[in-house]
Amino acid sequence: MSLKLQIENVRASGPPSRAIELECSVQGLAGNSRPIAIITAWINVTLQGRIQVEGPYFKQFHAPAGKAIFPGRGALYIPLNSSALDEIERHRQGDLEIRIDSRVLAAPVREVSLGGDTVQILEAAAETTFMHDGVSPVSFIIAQSKWINLLSQMRWSDLEIFEIPMEAFSSDENLKRAMDLLREAQKRFSRGDWPGVLQNCRQSFEAAAANVGQTSDKPTAFQRLVGRVGGGKKSDKLNDLLKAVSEFCHLGRHEDFPAVCITREDARAALRCALSIFALLGGRPD
């Protein structure tokens, strides 16, 4: 009485409660066309070989009392908190791998005549499992491009990677090009292009200085940019900080000998530093 699980679509929800849903169809395996009622299902989902989510996370669609019979449709609901998403992204190199173990209590449905009417009754329930192509656990791959889109739907990247929403700077035209470059850095981060993240962060500083400074002389342009915090020692120290971060980001631009390995944490640090600096330069619109 094993059940064939066919995943047909993936969608995301949140925040505040982030989750992905794997919409699926369920039917008996070939040679078993009898209708089946799923009484309960316990799901253990492993993501990227290390993150486990376990619970009664299978739900049926269009299943009022007396109609909860398969073949039919349902969904696997996989809640993902910030820690789980961070761990996934720390180890994901491309596509997202999902493995679905299951314990399903189901009962065949039989039609009988009762008082002149045909009614459906449940036969003895038995434990079974979801399968795909005759194999359990079920394996499923979410393509990298789709997963990046799901992260965006869950609004995880803006909140957890950056911690400072880029919309905070949307009202400042002088910083618009810099924000576009940081958005590109975010996309590169999601694709695992760590040197590219550093390149975009450095370019964002240069773009902001050019648009605020309105001069081709870079030192003067940067002085005018950091002057937005009020001048004096504060501006001088911010200029030193900006130069230091920019020099760090310059590591992502050239091939060096010996080679410099740019890691995910390097890229994450560059993004956070860049957004913190721009938060100081741009403030927050009301």
Side-chain angles (χ1 to χ4, degrees), residues 5-15 17-25 43-53 57 75-101 130 132-133 135 137-166 179-204 249 251-253 255 259-272 274-275:
L5 181 76
Q6 180 68 46
I7 298 172
E8 299 175 347
N9 188 35
V10 185
R11 62 182 181 180
S13 60
S17 298
R18 297 186 178 93
I20 58 174
E21 287 192 18
L22 308 179
E23 296 180 7
C24 55
S25 62
I43 307 298
N44 185 306
V45 180
T46 305
L47 300 102
Q48 212 60 24
R50 58 182 61 242
I51 303 300
Q52 288 195 335
V53 179
Y57 294 134
L76 299 171
Y77 177 84
I78 307 173
L80 294 170
N81 59 30
S82 296
S83 296
L85 287 168
D86 182 71
E87 186 70 10
I88 289 170
E89 288 302 280
R90 187 181 300 274
H91 297 280
R92 182 182 64 84
Q93 297 298 318
D95 300 339
L96 179 66
E97 302 173 2
I98 299 178
R99 189 188 72 186
I100 303 163
D101 292 278
F130 290 132
H132 182 73
D133 290 338
V135 176
V138 176
S139 295
F140 183 70
I141 300 293
I142 300 179
Q144 176 178 263
S145 57
K146 176 66 174 179
W147 176 244
I148 291 172
N149 182 260
L150 293 172
L151 285 176
S152 177
Q153 291 177 35
M154 290 186 281
R155 294 178 59 195
W156 179 76
S157 294
D158 285 352
L159 296 174
E160 269 66 28
I161 295 177
F162 290 140
E163 295 185 339
I164 304 169
M166 286 188 289
M179 292 304 103
D180 288 342
L181 286 163
L182 285 178
R183 289 188 178 93
E184 179 60 29
Q186 177 185 0
K187 294 176 183 177
R188 285 185 162 189
F189 189 96
S190 298
R191 294 195 299 265
D193 180 4
W194 315 136
V197 172
L198 269 63
Q199 291 174 26
N200 283 138
C201 288
R202 180 181 172 91
Q203 290 170 341
S204 71
C249 292
L251 291 173
R253 187 172 182 178
E255 294 293 331
V260 177
C261 178
I262 305 300
T263 68
R264 180 181 187 272
E265 292 308 314
D266 295 331
R268 187 185 182 109
L271 278 172
R272 285 179 165 171
L275 263 293

>> Just to verify, what does E21 make a side chain to side chain contact (heavy atoms under 4.5 Å, CB included) with, not counting sequence neighbours?
In response: R11, K59, A75, Y77
>> Let me confirm one number: the CD1-CD1 distance from I142 to I148, rounded to the nearest 0.5 Å.
In response: 12.0 Å
> Does the side chain of I7 come within less than 4.5 Å of I98's, by heavy atoms?
Replying inline: no
> Is it the case that S152 and N149 place a side-chain donor and acceptor less than 3.5 Å from each other?
Replying inline: no
> Counting only N and O atoms by type, is there a donor-acceptor contact under 3.5 Å from the side chain of E97 to the main-chain atoms of I141?
Replying inline: no
> Of all residues at least two apart in sequence or in a different chain, which pass the ring pair (Phe, Tyr, Trp, His ring centres under 6.0 Å) check with W194?
Replying inline: F189
>> Could you report the tightest heavy-atom contact between A185 and V197, atom names first, then the distance?
In response: O-CG2, 3.5 Å
>> Tell me every residue that passes side chain to side chain contact (heavy atoms under 4.5 Å, CB included) with A84, counting only those two or more places apart in sequence or in another chain.
In response: I51, L80, N81
> Which is it for M154 and L85 under the side chain to side chain contact (heavy atoms under 4.5 Å, CB included) test, yes or no, and what are the steps along the way?
Replying inline: CA-CA 10 Å; M154 290 186 281; L85 287 168; 4.1 Å; yes
> Once you round to the nearest 0.5 Å, how far does CZ of R18 lie from CG of L151?
Replying inline: 9.5 Å
>> Which residues pass the side chain to side chain contact (heavy atoms under 4.5 Å, CB included) test with N44, not counting sequence neighbours?
In response: T46, Q52, E54, D101
>> So, using side chain to side chain contact (heavy atoms under 4.5 Å, CB included) as the criterion, who are the partners of R90 when residues are at least two apart?
In response: D86, E87, R264, E265
>> Using side-chain heavy atoms (C-beta onward) and a distance below 4.5 Å, is C201 in contact with L182?
In response: yes
>> If I compare all heavy atoms of E184 with all of R191, which pair ends up nearest, and what's the gap?
In response: OE2-NH2, 3.6 Å
>> Distance check, rounded to the nearest 0.5 Å: I100 atom CD1 versus L47 atom CG?
In response: 9.0 Å
> Quick one: NE2 on H132 to CZ on F140, what's the gap to the nearest 0.5 Å?
Replying inline: 9.0 Å
> If you look at every heavy atom in D266 and C261, which pair is closest and at what distance?
Replying inline: OD2-O, 3.5 Å
>> Check whether R188 reaches the backbone of D193 with its side chain - one donor and one acceptor, N or O, closer than 3.5 Å.
In response: no
>> Using the side chain to side chain donor-acceptor pair (under 3.5 Å) criterion, which residues pair with D95? Sequence neighbours excluded.
In response: none
>> Restricting to non-hydrogen atoms, name the atom on C249 and the atom on A270 that form the minimum distance, rounded to 0.1 Å.
In response: SG-CB, 4.0 Å
>> Are the side chains of L76 and V45 in contact, using a 4.5 Å heavy-atom criterion?
In response: no
>> For S190 versus R92, what's the shortest heavy-atom pair and its separation?
In response: O-NH2, 2.6 Å
> Nearest heavy-atom pair of L198 and A267: which atoms, and what distance?
Replying inline: CD1-CA, 3.7 Å
> Can you tell me how far the CD atom of Q186 sits from the CE atom of M179, to the nearest 0.5 Å?
Replying inline: 12.0 Å
>> With a sphere of 6.0 Å drawn around CD of E8, does it hold more than 12 non-hydrogen atoms of other residues, nucleotides or ligands?
In response: yes
>> To the nearest 0.5 Å, what is the distance between CZ on R268 and CZ on R272?
In response: 4.0 Å
